[in-house]
> 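Please find one structure pasted underneath; my questions will follow.
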Amino acid sequence: MLNPYGNIFVFLIVGFGVVFATMVVVKIIAPHRPNPEKLISYECGERPIGPGWINFNARFYLIAILFIIFDVELILVFPVIANFRDYLLTGNGLLAFIEIFLFIAILFLGLIFAWENKYLEWLWAIRKRLRVDTGVLRIKDVIEEKSGVEEE
Amino acid sequence: MIEKLNIVNRLPEDPILTTVDRALNLVRANSLWYLLMGLACCSIELMQTGGPRSDIDRFGSLFRATPRQSDLMIVAGTITLKMASRLKLLYEQMADPKYVIAMGSCANCGGLFDLTYSVLRGVDKIIPVDVYVPGCPPRPEALTEGLIKIQEKVKKEKYFTK
Amino acid sequence: MEQHELIEKVKVTCQDSIVRIEEMPNDDVLVEIKKEEILSVMDILKNDPELKFSISNHLGVDNGENYAVIYNLYSYPFKHKITVKACLDHEHPEIDSVESIFQGMNWFERETYDLLGIKFTGHSNLKRLLLPPDWEGHPLRKDYVYPDFYNQIDNRRPDLCD
């Protein structure tokens, strides 16, 4: 009836449709009763100090990218491992091994690059150095400075 | 959106609307996600209730670590006055409609710590409570019974009809 | 070292500061000292090569007419116990903090300050530990009057005579 890709296409459409329909139904019938307490950001019951919209350090972005590289690597390596027995039976085991080894080695070079350039160094060490050199402020001071600017 | 149309709890009793109400209530009653509010030793029983032996998940009740996703608060344990303001804030932050189970003697009335200086004498002093579960601490079966009572309450509620 | 040997040793090392020294049951020795000398006594008890005490507990007592602080010390190398006691006057209970000698006393002294209102001069962070920061009074004092309301929360104690 349908070719295999058609099945996947139907599956995708139904999947998106169900999610979208659920969200629309929720939007229509869910009660919406905001109050001042509900609108502040959630801090485990504490009253938050300062706004939630502060700048996060760009270093988190770098670490997230490194994580994604090795996360995606897992997906790409997995089919090779799943079919490794077939490779072995056809006599191409060493070929597959070398291929995947090279792939991981290239990614590992990326990690070494990041390591060498100190992208993995944690925030406090850098901040300590910066504070000594240039007098960078603590987060609390930044927040206070920001709220002061808004008042002006 | 429906609340803005001013039809909630205003329409007359009607077979179709009653069925819609019942369907909505069935959905809500079987997906009561509870906020983790383990304040003292009762929270061990709360964990046990969520665990595999007495498995509260089969009633569609999961634990949530944030009030934004939960509509049931199981207050498990002694509420000190220092915690009371935080508990009230967490209750306010929960999504409507919200329900509260007071679990154990301490949450019901102060329990063992009734005569101390810093313990709240019952969680109903600060937030409305739907079901009181007695016991010190209540067994998981008792808490499951409390959840079933909440489900019965939810199933009787009306949304569209008067 | 036996109990009486320990008493002799302590009498020799800190003779000026001792008010009273006597044997206690359970291999314990009670030393009552002048409150001004607490730091020097603690320093000797910790650093003397034949005593080498560590602190194991700290209490505050309201005797009605005066306050007292009690330090339980235990010597791990020589396995003897000593209890150091200092009496404070009722109007202004104040004593030097031993935090500079035993750092672990930080929270013990905060708790004693919280519940009894004994001020520890030289403490690095003398704030309330267990009770909310806006609490009034110190609940373990004998003349403490229990408040009926705390931040609009009904906190009346049940009447036991009913």
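Chain letters run A, B, ... following the sequence lines, proteins first and then strands; every chain starts at 1. Atoms considered below: every heavy atom in the structure, side chains included; atoms not considered: hydrogens, waters and symmetry mates.
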> Do chain A and chain B have donor-acceptor pairs under 3.5 Å, and which are they?
unit_1, atom_1, unit_2, atom_2, d
A:Ile28, O, B:Met1, N, 3.4
A:Ile28, O, B:Ile2, N, 3.0
A:Ile29, O, B:Tyr159, OH, 2.7
A:His32, N, B:Glu3, OE1, 3.2
A:Arg33, NE, B:Glu3, OE2, 3.4
A:Arg33, NH2, B:Glu3, OE2, 3.3
A:Asn35, ND2, B:Glu92, OE1, 3.2
A:Glu37, O, B:Gln93, NE2, 3.3
A:Lys38, O, B:Arg68, NH1, 2.7
A:Lys38, NZ, B:Met94, O, 3.4
A:Lys38, NZ, B:Asp96, OD2, 2.8
A:Ile40, O, B:Arg68, NH2, 2.6
A:Tyr42, OH, B:Ala65, O, 3.1
A:Glu46, OE1, B:Arg86, NH2, 3.4
A:Glu46, OE2, B:Arg86, NE, 2.7
A:Glu46, OE2, B:Arg86, NH2, 3.1

> Please classify the contact between B:Leu87 and chain A as side chain, backbone, both or neither, with a heavy-atom cut-off of under 4.5 Å.
neither
> When you look at CD1 of B:Ile16, are more than 12 heavy atoms from neighbouring residues, nucleotides or ligands closer to it than 6.0 Å?
no
> Given heavy-atom pairs under 4.5 angstrom as the criterion, report whether the side chain, backbone, both or neither of B:Met94 touches chain A.
backbone
> Can you confirm whether more than 12 heavy atoms, excluding those of A:Phe70, are under 6.0 Å from its CZ atom?
yes
> From B:Leu89 CG over to A:Cys44 SG, what is the distance, rounded to the nearest 0.5 angstrom?
10.5 Å
> Return yes when atom CZ of A:Phe103 has more than 12 non-hydrogen atoms of other residues, nucleotides or ligands closer than 6.0 Å, and no otherwise.
yes
